[in-house]
Structures are given as C-alpha cells and as structure tokens.
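Okay, so here's the structure we're looking at.
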There are 2 protein chains.
Amino acid sequence: MEYNNVCQPRKTENPMGDDLTNVSDALRTDATTGILGYRLRRAQLSVFQRFLQVFEEMRLRPAEYSVLLLIADNPGRKQTEIADALGIKRANFVTLIHALQARGFLERRAAAGDRRANALHLTEEGVQFLAAARARHEDMEQQLLDQLGGEASRSQLLMLLERLG
Amino acid sequence: MEYNNVCQPRKTENPMGDDLTNVSDALRTDATTGILGYRLRRAQLSVFQRFLQVFEEMRLRPAEYSVLLLIADNPGRKQTEIADALGIKRANFVTLIHALQARGFLERRAAAGDRRANALHLTEEGVQFLAAARARHEDMEQQLLDQLGGEASRSQLLMLLERLG
DNA sequence: AAACATTGTTATATTCCATAGCATTGGCCG
DNA sequence: CGGCCAATGCTATGGAATATAACAATGTTT
C-alpha cells in the first residue's frame with residue numbers, strides 16, 4: 001500500500017555544507033495520512049473542536065446534544081434505552097441526565113408499569129433550548145458542507161462512515 | 001464498548017394509536033444519523049476499538065503506532081517536532097516516548113547543535129517491531145477496505161476526511 | 001550582560017470512559 | 001406464595017487522554 005516500505009530517511013545529507021542548527025523543514029507525514037483510523041480521529045477531533053467552540057456559550061456538549069435530540073424524538077423512553085442507543089454506559093449516563101435535568105431541560109417521570117425505570121421527557125424549556133441548539137447546529141453543518149465541497153460529498157461521506165460503524 | 005444496534009426490528013406502525021405500556025421497540029435515530037460529528041465519532045470509535053483489539057497482544061496503542069511511524073520516516077527529529085506533527089502536547093508526549101524507549105524501541109540521542117533537544121531514532125528492535133505492526137495493520141486496513149466496498153470508496157473517504165482536518 | 005524564547009520535564013486538574021457493586025424492582029418458575 | 005435471577009438507576013472508583021502551569025537548562029536576541 002502507500003505506507004509500507006516507502007520511505008527511507010530522505011533527510012540524508014545536507015547537499016551544502018552541513019549546518020544542522022537550522023531550517024527544520026516539514027516532516028514526512030505520508031505514513032500517517034493513508035491510515036483510516038488516523039484520518040478519522042483528526043477529522044472527528046476537528047469537528048468536535050468546532051462544536052465545542054460554537055456551543056460554548058450555550059454550555060452544550062456533543063453528547064448532551066445527542067441526548068436531547070434522541071429524547072425529543074422518543075419521549076417517554078427509559079434511561080437505559082436512550083443510553084444504549086447512543087453507546088453510553090448507563091452508569092455514565094446518570095451524571096449526564098442529571099445535569100440536563102438540573103438545567104430544567106428534561107424530566108424523569110416514573111415509568112408506567114415499572115417503578116424502577118425513569119421515563120425521559122423534555123420540558124418546554126428543553127424543547128426551546130433544543131430548538132435554539134438545532135438552529136445553531138444547522139449553521140455549523142452548513143459550514144462543514146461547504147468544507148466538503150457540496151451536498152453530494154457530504155452524503156457520500158455519511159454513507160461511507162455508516163459502513164464503518 | 002457497546003455498539004449501536006444497526007439492524008433493529010422495524011417499528012411496527014400501530015394504527016390503534018398509542019398506548020404507554022407498549023413493547024419497547026426500536027428508537028427513532030434519524031436525528032443523529034444525519035449529524036456529521038456524530039457519525040464521525042461512531043466510526044472513529046469503531047475503528048479504534050478494532051485497533052486496540054488487534055494490537056492488544058503487541059501492547060501498542062494508536063498514538064504509539066503513529067509515533068513510531070513518524071520517527072521511522074523522520075529520524076533525528078526533536079521531540080517537539082514529532083509531537084506537534086501529531087497534535088500531541090509536548091508535556092504528554094514525554095510519557096509516551098519514555099514508554100517506547102523503556103521497551104527498547106527508540107533512543108533519545110543528544111541533538112547535534114542543541115543540548116536541550118533530544119533527537120529521536122528507532123532502534124533496530126524498534127524497526128523490527130514496527131515492521132511487525134505494519135504487517136498486522138495492513139490486514140486491518142484491508143478489512144476496513146472490504147467494509148467500505150472497495151479501493152475507490154476508501155480513497156474517496158480519505159479525501160473527504162482530509163477536507164475536514 | 002540582560003531579557004526573552006525554546007526544550008524537555010514534572011506535577012496537576014479535568015474530562016471521558018469502563019468496571020464493580022449496591023438497593024430496588026420486575027419476571028419467572030418451582 | 002417464596003426463591004432466584006435479571007433489569008434499572010445509582011454511587012464510587014480507576015484508568016486513560018488531554019490541558020495547563022511551572023521549572024531548569026539551554027539557546028537566541030537585544
């Protein structure tokens with residue numbers, strides 16, 4: 001493939017007289033650029049970084065946003081159901097949910113027919129907050145779309161990512 | 001790590017309207033599946049998880065692999081240069097490098113012309129270890145390629161990811 | 001020489017994620 | 001019914017990754 005036995009140190013010799021105390025030029029990064037996991041991580045980090053920046057003043061983090069979205073589309077579900085759907089351990093989900101509840105965005109009602117479970121619902125405040133977040137997120141997604149070069153590229157990317165999940 | 005159940009039982013439309021004591025069928029996840037950051041994270045997590053599993057017996061983690069690759073292609077570079085290229089803070093890079101050195105994979109030689117800096121070099125043992133890791137990684141990358149549906153899809157994905165980084 | 005920047009390092013806080021264990025409740029089966 | 005096991009929410013805790021601050025030694029600039 002691309003990165004197998006390619007490159008020997010091309011830094012070899014300074015053609016001119018050697019002075020090693022200078023010009024630290026660019027590194028060879030060929031070996032990493034062809035690695036899917038590496039590229040995935042960089043891209044994910046970049047996108048998440050932007051998310052954190054955009055939602056800093058709303059104090060909303062990616063996981064919380066996904067939780068609100070999922071509850072909005074699936075009201076009354078149990079904590080474990082939502083957590084499982086997002087790949088979050090139920091132990092860690094507790095803190096997340098409690099924080100959102102403390103801000104008044106959701107309620108944990110007693111589930112009908114199971115006194116152990118909590119049925120999750122958005123409050124009116126939560127609905128409005130989510131609407132604002134959605135609008136803000138739309139802008140961000142639009143920026144990413146521009147960065148990708150169009151809707152075709154974006155849906156192509158989403159499709160390919162889905163094959164990896 | 002638990003994965004999202006991709007193939008969920010189809011939600012049976014209930015023409016009789018709602019009842020709250022229903023069977024817990026699949027959740028609606030439409031809201032999240034269209035979010036780039038979300039999909040990126042899931043895919044990255046999935047790929048990294050496989051990496052950790054594949055390299056468990058070699059006791060090699062993704063960051064370490066990328067470090068070895070970069071040093072192999074850029075011998076004699078300073079710690080900070082390698083760290084910067086990988087987006088690793090130099091403070092955290094110390095532990096990483098020391099672990100690899102303790103296993104005999106690399107050396108920190110005194111840099112020529114700068115007594116503060118360490119020039120990083122792979123040892124012979126490090127070269128051989130990296131070769132073994134590369135072979136193992138080839139297999140993994142091949143699996144991902146199959147998962148993506150061919151080389152065209154893979155290079156397409158890499159290109160799109162690069163636009164996000 | 002003095003002031004400032006860089007390099008490697010240590011220490012530390014934070015955040016995310018995983019595991020273990022607990023009390024309560026539900027389901028099941030004799 | 002009683003007994004056993006599973007599920008649910010929760011707490012506590014550890015590990016790993018990441019970010020910041022500070023430091024000594026050295027290099028660079030003024």
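Each chain gets a letter, A, B and so on, in the order the sequences are listed, and its residues count up from 1.
- The nearest heavy atom of DNA chain C to Ala91(A) and to Ala117(B) marks one nucleotide each, and the one closer to the 5' end goes with Ala117(B).
- Of the side-chain N and O atoms in Lys78(B), one or more sit less than 4.0 angstrom from OP1 or OP2 of dT7(C).
- For the OP1/OP2 pair of dG27(D) and a distance below 4.0 Å, the side-chain nitrogens and oxygens of Arg115(B) include at least one atom meeting the criterion.
- Base contact: Asn92(A) has a heavy atom under 4.0 Å from a base atom.
- As judged by a 4.0 angstrom heavy-atom cut-off over every strand, Ala111(B) is placed among residues making no nucleic acid contact.
- Applying the 4.0 Å criterion to OP1 and OP2 of dT9(C), one finds that His98(B) has a side-chain N or O inside that range.
- Put simply, CZ on Phe48(B) is 18 Å from C1' on dA18(C), counting in whole angstrom units.
- Dashed line: the shortest gap from a side-chain N or O of Gln79(B) to OP1 or OP2 of dT9(C) is under 4.0 Å.
- Taking atom CG on Leu86(A) and atom P on dA18(C), their separation rounds to 13 Å, with Å as the unit.
- Residues Arg134(A) and Tyr65(A) have side chains in contact (heavy-atom distance under 4.5 Å, counting atoms from C-beta outward).
- In this structure, CG of Leu96(B) is placed 12 Å from P of dA16(D), rounded to the nearest angstrom.
- Counted by atom type alone, Arg108(B) and His98(B) present one or more donor-acceptor pairs between their side chains at under 3.5 Å.
- Remark: C1' of dG9(D) and CZ of Arg108(A) are 8 Å apart, rounded to the nearest angstrom.
- In the interface, the side chain of Arg116(A) is not paired with the base of dT8(D) through any donor and acceptor atom under 3.5 Å apart.
- Of the charged side-chain nitrogens involved, at least one lies within less than 4.0 Å of a carboxylate oxygen, so that Arg136(B) and Glu57(B) count as a salt-bridged pair.
- Contact of the Leu157(B) side chain with the Leu161(B) side chain is registered, since non-hydrogen atoms from C-beta on lie closer than 4.5 Å.
- Per the geometry, CD belonging to Gln53(A) stands 14 Å off P belonging to dA19(D), to the nearest Å.
- In this structure, Arg90(B) reaches the bases: a heavy-atom distance under 4.0 Å links it to at least one base atom across the strands shown.
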